[in-house]
S.K.: 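Input: one structure, supplied below.
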Number of protein chains: 2
Amino acid sequence: MEESEILAKLPLVFTESALRQEMLTHGKFLKVNKDDTLIREGQYLDFLPIVIKGEIRVFQQKEDREILLYYVREGQTCMMSLSAAYFNHTSSSYGVATKPSEIFVFPTRLVNEWQLKYSSWNAYLIQTFRSRYDELLGSFESVAFDPIDKRVLSYLTERAKKENTAQIAISHQNLAYELGTTRVVISRILKGFEQQGKVKLFRGSIQLK
Amino acid sequence: MEESEILAKLPLVFTESALRQEMLTHGKFLKVNKDDTLIREGQYLDFLPIVIKGEIRVFQQKEDREILLYYVREGQTCMMSLSAAYFNHTSSSYGVATKPSEIFVFPTRLVNEWQLKYSSWNAYLIQTFRSRYDELLGSFESVAFDPIDKRVLSYLTERAKKENTAQIAISHQNLAYELGTTRVVISRILKGFEQQGKVKLFRGSIQLK
DNA sequence: GGGCTTGTGTATCTTTTGATACCGTTTTTT
DNA sequence: AAAAAACGGTATCAAAAGATACACAAGCCC
């Protein structure tokens, strides 16, 4: 990929041109396939990734179950990798591509160095932490206080807004996984919504009305 | 308070002596009473606090209910204040002292400046974010996956450990508040624990056995 | 002392959610 | 084409937790 193309895809928040230049100099462009595992629990991080295209699912594995932490999307970096890299700890989570993706990686030592040189890098890091925190807080509140049917509807409307379409492509099973419940519960609720005329159900997708 | 005393109470993580010196030069020492409100939603932050002694409760106010985010304890700073200060946003939460406390505050512009000068300050910030995230993640998992009785027991044993005593001073009502449930549920569960010989109940406190 | 507030025990009822099981359909794989 | 996997509908049952109501005791304020 051309340097200029990569530059164009780097988050706009990096205002210092010296920083952008350093990124190009030290960074490496990678393509990964769907379901490729980028990082496992227990690994040290040599590289910090920024997603250029695609999506990485970050989760923890506990005993029997999987805890979804967040998705790293275009222009974002992985908060867990970041702090692991910063303190030279091993990763406590997994990162797996949900689709064919392109990422840009640079040596972790730069994370520390750049903090002392570039304000916009600092802002990016703090923004990363803060927005993950807010996101998790939202999930927490919702799990703690909202009944599942409301959470289902919120999930659907938010995705509709984000993807700018009323047709949400997701199976009941995966929706159950996202919300931490079971397939039967989701099917039951969605059927109820359909009878109330709130949605129309298709195999593999849900249409908001 | 003597400068040397303050120095002694600052978190040890600030290894650069120049940073410690700057803190003393620019910082201001404050005493607050129990139930004093240090920061309200909507306020801009002029100062970033580090708690020297005591404890600050940080929470959000939503419609009818209150969401407890975390407690800021000795040596810690407030993550929400930090990021609000960093981006010059207003606070989205409240901070109230749970007991008479002593805090050390400095102008928020230093948050940014120090990042470019002191590695240990950066480490402190990232540590602050990461540990709040882990803490919230723990609560999330617990709310999402653990039945309430287990959460009650975890809460009690953790506090017992932290305070190094088997006698936990808390009312059923406040315990319900901490865990996001109701008084009746807590009373019911604790009574069950007592019958199983796990605890002994007193007015206003619970003894682990 | 008398009232008020806080803390606790407990019973009853209802709702929500999860667990399990079984069925039929569609899609993918072999 | 046959088999397997994924998808979705639905019924039944059980458990967890919240809502409400009432009672009584302890501590605090006048």
Side-chain angles (χ1 to χ4, degrees), chain A residues 34-35 63-67 98-99 139-156 159 167-208, chain B residues 34-35 63-67 98 139-156 159 167-209:
Chain A
K34 176 164 151 59
D35 295 330
E63 293 116 56
D64 45 339
R65 63 173 179 268
E66 195 174 280
I67 319 276
T98 64
K99 48 178 104 164
S139 304
F140 176 82
E141 284 178 40
S142 152
V143 167
F145 300 110
D146 296 342
I148 296 195
D149 54 354
K150 189 173 163 197
R151 293 171 52 206
V152 171
L153 205 52
S154 306
Y155 178 90
L156 293 176
R159 269 202 49 178
Q167 196 80 22
I168 316 293
I170 192 170
S171 72
H172 296 189
Q173 180 59 66
N174 284 337
L175 182 46
Y177 169 69
E178 290 276 330
L179 301 182
T181 178
T182 62
R183 203 266 310 165
V184 177
V185 171
I186 295 294
S187 294
R188 187 193 289 159
I189 287 167
L190 285 176
K191 206 63 200 171
F193 285 169
E194 190 173 46
Q195 276 155 11
Q196 296 167 46
K198 289 183 183 165
V199 302
K200 195 165 171 196
L201 301 180
F202 300 87
R203 185 185 176 84
S205 78
I206 301 155
Q207 183 189 343
L208 271 172
Chain B
K34 175 164 153 59
D35 296 329
E63 293 117 55
D64 45 339
R65 62 172 178 271
E66 195 173 279
I67 318 276
T98 64
S139 304
F140 176 82
E141 285 178 39
S142 152
V143 167
F145 300 110
D146 296 341
I148 297 194
D149 53 355
K150 188 174 163 194
R151 293 172 52 208
V152 170
L153 206 52
S154 306
Y155 178 89
L156 293 176
R159 268 202 51 180
Q167 197 79 23
I168 316 294
I170 192 170
S171 72
H172 296 187
Q173 181 59 65
N174 284 336
L175 182 45
Y177 168 68
E178 291 275 329
L179 301 183
T181 179
T182 62
R183 205 269 308 167
V184 177
V185 172
I186 295 294
S187 292
R188 186 193 290 159
I189 286 167
L190 284 176
K191 206 62 199 171
F193 284 169
E194 190 173 47
Q195 275 154 12
Q196 297 166 45
K198 288 183 184 165
V199 302
K200 196 164 170 195
L201 301 179
F202 300 87
R203 185 185 177 85
S205 78
I206 301 155
Q207 182 190 343
L208 272 172
K209 317 216 303 182

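Just so it is clear, the model here is predicted, and its values are computed rather than measured.
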S.K.: Which value, rounded to the nearest 0.5 Å, describes the distance between B:Leu190 atom CG and B:Leu156 atom CG?
M.R.: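 B:Leu190 atom CG to B:Leu156 atom CG measures 6.5 Å (nearest 0.5 Å).
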S.K.: Using side-chain hydrogen bond (donor to acceptor under 3.5 Å, both in side chains) as the criterion, list what pairs up with A:Arg183, not counting sequence neighbours.
M.R.: A:Ser187
S.K.: My understanding is that only residues two or more places apart in sequence, or in another chain, count here; which of them pass side-chain contact (heavy atoms from CB on, under 4.5 Å) with B:Asn174?
M.R.: B:Ile170, B:Ser171
S.K.: From the 5' end of DNA chain C to its 3' end, which nucleotides mark the outer limits of contact with chain A, defined by a 4.0 Å heavy-atom distance cut-off (strictly under)?
M.R.: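 From 5' to 3', the first and last contacting nucleotides are C:dT17 to C:dT27.
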S.K.: What's B:Leu190 touching, base or sugar-phosphate or nothing? Going by heavy atoms closer than 4.0 Å.
M.R.: nothing
S.K.: Can you tell me how far CD of B:Gln173 sits from CD of B:Glu178, rounded to the nearest 0.5 angstrom?
M.R.: 11.5 Å
S.K.: Applying side-chain hydrogen bond (donor to acceptor under 3.5 Å, both in side chains), name anything that partners B:Gln196, two or more places apart in sequence or on another chain.
M.R.: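 Counting only residues at least two positions away or on another chain, B:Gln196 forms a side-chain hydrogen bond (donor to acceptor under 3.5 Å, both in side chains) with B:Lys198.
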S.K.: At 10 degrees resolution, what angle do the end axes of the helix from C:dG1-D:dC30 to C:dT30-D:dA1 form when each is taken over five base pairs?
M.R.: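 Here the local axes at opposite ends form an angle of 40°.
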S.K.: Would you list the protein and nucleotides 16-21 of chain D atom pairs, both N or O, that sit under 3.5 Å from each other?
M.R.:
from: D:dA17; atom 1: OP1; to: B:Ile148; atom 2: N; distance (Å): 3.0
from: D:dG18; atom 1: OP2; to: B:Thr181; atom 2: OG1; distance (Å): 2.6
from: D:dG18; atom 1: O6; to: B:Arg188; atom 2: NH2; distance (Å): 3.4
from: D:dA19; atom 1: N6; to: B:Arg188; atom 2: NH2; distance (Å): 3.4

S.K.: Considering residues at least two apart in sequence or located in another chain, which fulfil the side-chain contact (heavy atoms from CB on, under 4.5 Å) criterion with B:Tyr177?
M.R.: B:Arg57, B:Glu66, B:Leu68
S.K.: Within the structure provided, determine whether A:Ile168 and A:Val199 are in side-chain contact (heavy-atom separation under 4.5 Å).
M.R.: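 No, side chains not in contact.
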S.K.: What side-chain donor-acceptor pairs closer than 3.5 Å can you find for residues 147-155 of chain B, not counting sequence neighbours?
M.R.:
from: B:Arg151; atom 1: NE; to: B:Ser142; atom 2: OG; distance (Å): 3.4
from: B:Arg151; atom 1: NH2; to: B:Leu179; atom 2: O; distance (Å): 2.7
from: B:Ser154; atom 1: OG; to: B:Lys150; atom 2: O; distance (Å): 2.9
from: B:Tyr155; atom 1: OH; to: B:Arg159; atom 2: NH1; distance (Å): 3.3

S.K.: Could you go over nucleotides 5-7 of chain D and give all protein N or O partners under 3.5 Å, atom names and distances?
M.R.:
from: D:dA6; atom 1: N3; to: A:Arg203; atom 2: NH2; distance (Å): 3.2
from: D:dC7; atom 1: O4'; to: A:Arg203; atom 2: NH2; distance (Å): 3.2

S.K.: Run the side-chain hydrogen bond (donor to acceptor under 3.5 Å, both in side chains) test against A:Gln167 and tell me which residues pass, sequence neighbours left out.
M.R.: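 Partners of A:Gln167 under the side-chain hydrogen bond (donor to acceptor under 3.5 Å, both in side chains) test: A:Ser205.
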S.K.: How close do A:Thr182 and A:Ala176 get, counting heavy atoms only, and between which atoms?
M.R.: C-CB, 3.4 Å
S.K.: Under the side-chain contact (heavy atoms from CB on, under 4.5 Å) rule, collect the residues that match up with B:Phe145, sequence neighbours excluded.
M.R.: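 Testing B:Phe145 for side-chain contact (heavy atoms from CB on, under 4.5 Å), a comparison that skips the adjacent residues, returns A:Arg65, A:Ile67, B:Glu141.
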S.K.: Could you list the residues that satisfy salt bridge (Lys or Arg N to Asp or Glu O under 4.0 Å) with B:Glu194, not counting sequence neighbours?
M.R.: B:Lys191
